[in-house]
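Take a look at the structure set out below.
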Amino acid sequence: MRSIVKAVQNASKINDWVNIQNEFDRLLKAFNKAGAIVEREGVPRFYIRALVEIDDHLKDSLVNKEANKKMNALVAKARNAMKQNIKKVIKPYEAELAKFRENPVDEEASEDEEAQKQAALEEEEEEAADIKAKAKKDKKVKIEDDDEEKQKAADKGFTVVGKGGKPLDLTPEAFFGKLKEIHEARGKKSTDKAAQVETLASLLATAATPYQLIRVLLVLLPVRFDMIPSAGYMTTDMWRKALTELKQLLDLLDANPHITLTINPVEEDGEPEPEHIVDRKVTTAGLAVALPGHIAAFVDRLDDEFTKSLQNIDPHSNEYIERLRDETILYAAIVRAQKFSQAAGASPESHDLMVMRRVEHIYFKPDTVILVVEEQVRQIYPKIVEKLENPVDLVASLCIGLYNSKIDRIRTRALLCHVYHLALHDQYHQARDMILMSHLQDTILATDIEMQILYNRAMVQIGLCAFRIGAFREAANALQDVVSSGRMRELLAQGMQSTKFVERTPEQERIERQRQLPFHMHVNLELLESVYLTSAMLIEVPHMALHVHDARRKVGSKSFRRMLDYSDRQIFTGPPENIRDHVVAASKAMSAGEWKKCRDYIYGIKFWSLLPHVEQTKEVLARSIQEETLRTYIFTYSPHYESLGVESLASLFELPVSAVTSVVSKMIINEELHASIDVASGIIVLHRPAPGVEMTRLEYLSGAYADKVSSLVEANEKSLEARALLLGLQEQQQAQAAQGGSAGGNGRGGSSGRIGGGRGGANAGAGNGRGGRVGGGMRFRTVVAK
């Protein structure tokens, strides 16, 4: 601050008001930062001297009118701003300024005095350090004896000194006064948050009654949250301390039911009763009192900070695993807060918030994990005597209770979590019916982004569930919007799209990162792609074989068709390496009727092990590959046969005769195949359509060739017409035709036999004149003969 004052003085010497204004703003900021020191030791004398000097210099500058006329506009503007600013700054220190003006002290004397004070302070610190070192050597007293000494010192009238050498008054009046002072200082710029936490921790250690403990905890928890930087997250140690203090607060509230918490405290008429008197009444007489506080808000903030820490920790490190272990104690605290809010008669909204937090921690987990967590909760809080439920029933009971909530957002999130959990347990039809009856798919775009992310996760899980039970068409429909979009990571909040394709501001990027889900909640994206492409293969390959000659055939999966077209354009194709290569190779094998190769290529995808009940899923998948390859084979080769044997098809595709008969019967019923089955002989008789009803391969290629030639001719004619108009050939031909007609009608054919340059001229020359004299008659007679 002294250097800033020196800069102000230098700027005053050259009358540079712009620099004076800038340095004065710096001085005010530095003074506000040193608020704690100023409050303890008073306003420094050099600061008062600087204000006096600036005020005097401003008055002198305003008096000099000739200099004001020559002053630059920018300098005059800065001076006028200083004139308004100095009035506001000087007003609280008018007494100090008047006292200084009566007895001014120059800067050198002030510096000498300050040096003497600093020397005296250093001597005191050295003496204190010597006493402290001596005390450490002689200290051999237990903690209980230390507490007794503190109590004796308080009885004798001594003041206990806390950390940092600050006196800590233990009287009830001073206790609650200090608590009120810390509470009112929250949010101010000059507040030292670390010092506040330290003071509150000391007050918590010295609190003697439950009322005092609860009051300190209700202030300490918000102050801890205030220490979190805006772009960061709470450290693990601080988070665990806050969670311990929340547990202590819940224990105190359970042990003292006459002390309750409320969001909207009732304001009493008149002067409020001092808190130390209220403390005495609550402690001795059990007076019922409601304190301002909200347990649900504390739990929400702790849960959010836990999620932020997981987002910022490397998921492949041991630190992430260690941090994830804290989820159990956090979940236990949420369950404890839910039971407390239910027993204390809290508002339904607060209770629903706690239940929703509990659901969000377990809806995506397997049953074994949920059972282990619930058992550990009962070990941490033995008072929870509820019977351990089946995980499916537990999630269902919690979500059904939330369906009656007054908050729309909670009802919707509870529904999506319930659907996700049902799909996780292969209850596809129940999950599908719930999401269809809610009509959520019609209004999901109007909700917030977090809700849309949860909806995408639920739909993805429904698709995986349909795939596991063999409903491949439903699986493809459920996964198509997410997988085909090319933005799977972004839609599922499992990553961010590359900035090469999307431009984001730093604020948008920060918000996007806050939406990301922790790594242990992710759905494997390669597994999703494998499931979708395999389902699309089982649907599209038979459809392509059925409509091989239909140019306007409906395309079910455009991404799958593009993938096949790209593969067909490749000159050289090596062995499959990734998911797409395996699916393309399997599709070509299915088109050729080689179901074993198709099955082996699909089994070669390494992500099937991530599916639950993988062996059962593979059996269902292999049976579907056999049946769809059979359909593709019949569609492809039926034009070349008059009949097919059911037993030969069954042996070729290793299916039971009944299964082959069932597949062919469905094809006939759906009018996909014109045939009939002779059950007695086991033969499929293929019916030939009338000529022109169904095209052969040759007819299809001939028609395609004719269409291409026709379009080519039409394009050539259009280009020729455009060129003729451009060069003026058409007008020239019309002029020549008109001249030839007039010459042939009124005179001879011409001297060179070139009569008839136009068609009209040739005919006229033939009727009324002779032929040409030089070899033109031959041509003329030829024309006449024709």
Side-chain angles (χ1 to χ4, degrees), residues 471-481 483-484 532-570 580 583-595 597-598 601-602 624-644 649 652-653 660-677 684-711:
F472 301 107
R473 186 174 296 276
E474 290 78 2
N477 292 336
L479 295 173
Q480 184 171 5
D481 291 339
V483 179
S484 300
Y532 173 71
L533 292 178
T534 304
S535 302
M537 178 195 72
L538 295 173
I539 298 169
E540 291 297 322
V541 173
H543 187 265
M544 291 167 61
L546 174 62
H547 300 282
V548 65
H549 301 321
D550 188 1
R552 299 180 180 178
R553 60 179 180 269
K554 184 179 177 182
V555 178
S557 176
K558 293 182 180 180
S559 59
F560 180 79
R561 292 291 181 90
R562 285 196 299 266
M563 185 178 69
L564 288 183
D565 293 342
Y566 176 77
S567 176
D568 291 339
R569 291 195 299 269
Q570 298 301 310
R580 293 173 178 265
V583 174
V584 168
S587 302
K588 292 181 178 179
M590 179 179 285
S591 300
E594 299 176 348
W595 70 271
K597 282 188 177 181
C598 177
Y601 281 129
I602 294 298
S624 298
I625 289 174
Q626 287 175 284
E627 294 179 355
E628 296 303 325
T629 308
L630 171 62
R631 295 179 70 240
T632 305
Y633 181 84
I634 294 176
F635 287 144
T636 304
Y637 297 106
S638 59
H640 307 289
Y641 291 96
E642 293 183 355
S643 62
L644 295 170
L649 290 175
L652 180 63
F653 292 96
V660 174
T661 305
S662 175
V663 170
V664 175
S665 299
K666 289 179 182 178
M667 294 168 64
I668 295 172
I669 293 171
N670 295 331
E671 298 182 355
E672 297 174 342
L673 180 67
H674 301 288
S676 58
I677 302 177
I684 303 170
V685 180
L686 301 173
H687 299 165
R688 289 280 171 251
V693 176
E694 183 177 346
M695 291 186 296
T696 63
R697 178 68 175 172
L698 180 60
E699 292 172 343
Y700 171 74
L701 294 176
S702 301
Y705 177 74
D707 292 339
K708 290 181 180 179
V709 170
S710 176
S711 61

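Just so we're clear, the structure is a prediction, and the values are computed from it rather than from any experiment.
- Remark: aromatic rings of Y637 and Y633 are close, center separation under 6.0 Å.
- Smallest separation of non-hydrogen atoms from S591 and V541: OG-CG1, 3.6 Å.
- Within 6.0 Å of CD in Q570 there are more than 12 heavy atoms belonging to other residues, nucleotides or ligands.
- Residues I677 and S665 are in side-chain contact: their nearest non-hydrogen atoms beyond the backbone lie under 4.5 Å apart.
- Atom CD1 of I684 and atom OG of S643 lie 9.0 Å apart (nearest 0.5 Å).
- A675 and L686 get closest at one heavy-atom pair: CB-CD2, 3.8 Å.
- From I602, atom CD1 reaches atom CG of L538 across 7.5 Å, with rounding to the nearest 0.5 Å.
- In this structure, CD1 on I625 lies 7.5 Å from OG1 on T534, to the nearest 0.5 angstrom.
- Between the side chain of Q626 and the backbone N or O of F653 there is at least one donor-acceptor pair closer than 3.5 Å.
- Nearest heavy-atom pair across C598 and A589 is N-CB, 3.7 Å.
- Annotation: the span from S535 atom OG to E540 atom CD amounts to 11.5 Å, rounded to 0.5 Å.
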Legend entry - Check against side chain to side chain contact (heavy atoms under 4.5 Å, CB included), E628 and M537: CA-CA 9 Å; E628 296 303 325; M537 178 195 72; over 6 Å; no

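- What you find for T632 and T636 is that their closest heavy atoms are O-OG1, 2.7 Å.
- Looking at Y532, F560, Y601 one by one, the single match for side-chain contact (heavy atoms from CB on, under 4.5 Å) with V583 turns out to be F560.
- Taking CD of E474 as the start and CG of N477 as the end, the distance is 7.0 Å to the nearest 0.5 Å.
- Using a 4.5 Å cut-off on side-chain heavy atoms (C-beta onward), L564 and S587 make contact.
- Contact check for V584 versus M563: side-chain heavy atoms found under the 4.5 Å cut-off.
- No side-chain donor-acceptor contact under 3.5 Å links E672 to the backbone of L546.
- K588 NZ: more than 12 foreign heavy atoms inside a 6.0 Å radius.
- Put simply, the side chain of R631 does not reach to within 4.5 Å of the side chain of K666, judged on heavy atoms.
- Between L652 and L630 there is no side-chain heavy-atom pair separated by less than 4.5 Å.
- Side-chain N or O atoms of S638 include one that pairs as donor or acceptor with a backbone N or O of I634 at under 3.5 Å.
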Inset, instruction - Could you check L649 against V663 for side chain to side chain contact (heavy atoms under 4.5 Å, CB included), going step by step and ending with a plain yes or no? - result: CA-CA 11 Å; L649 290 175; V663 170; over 6 Å; no

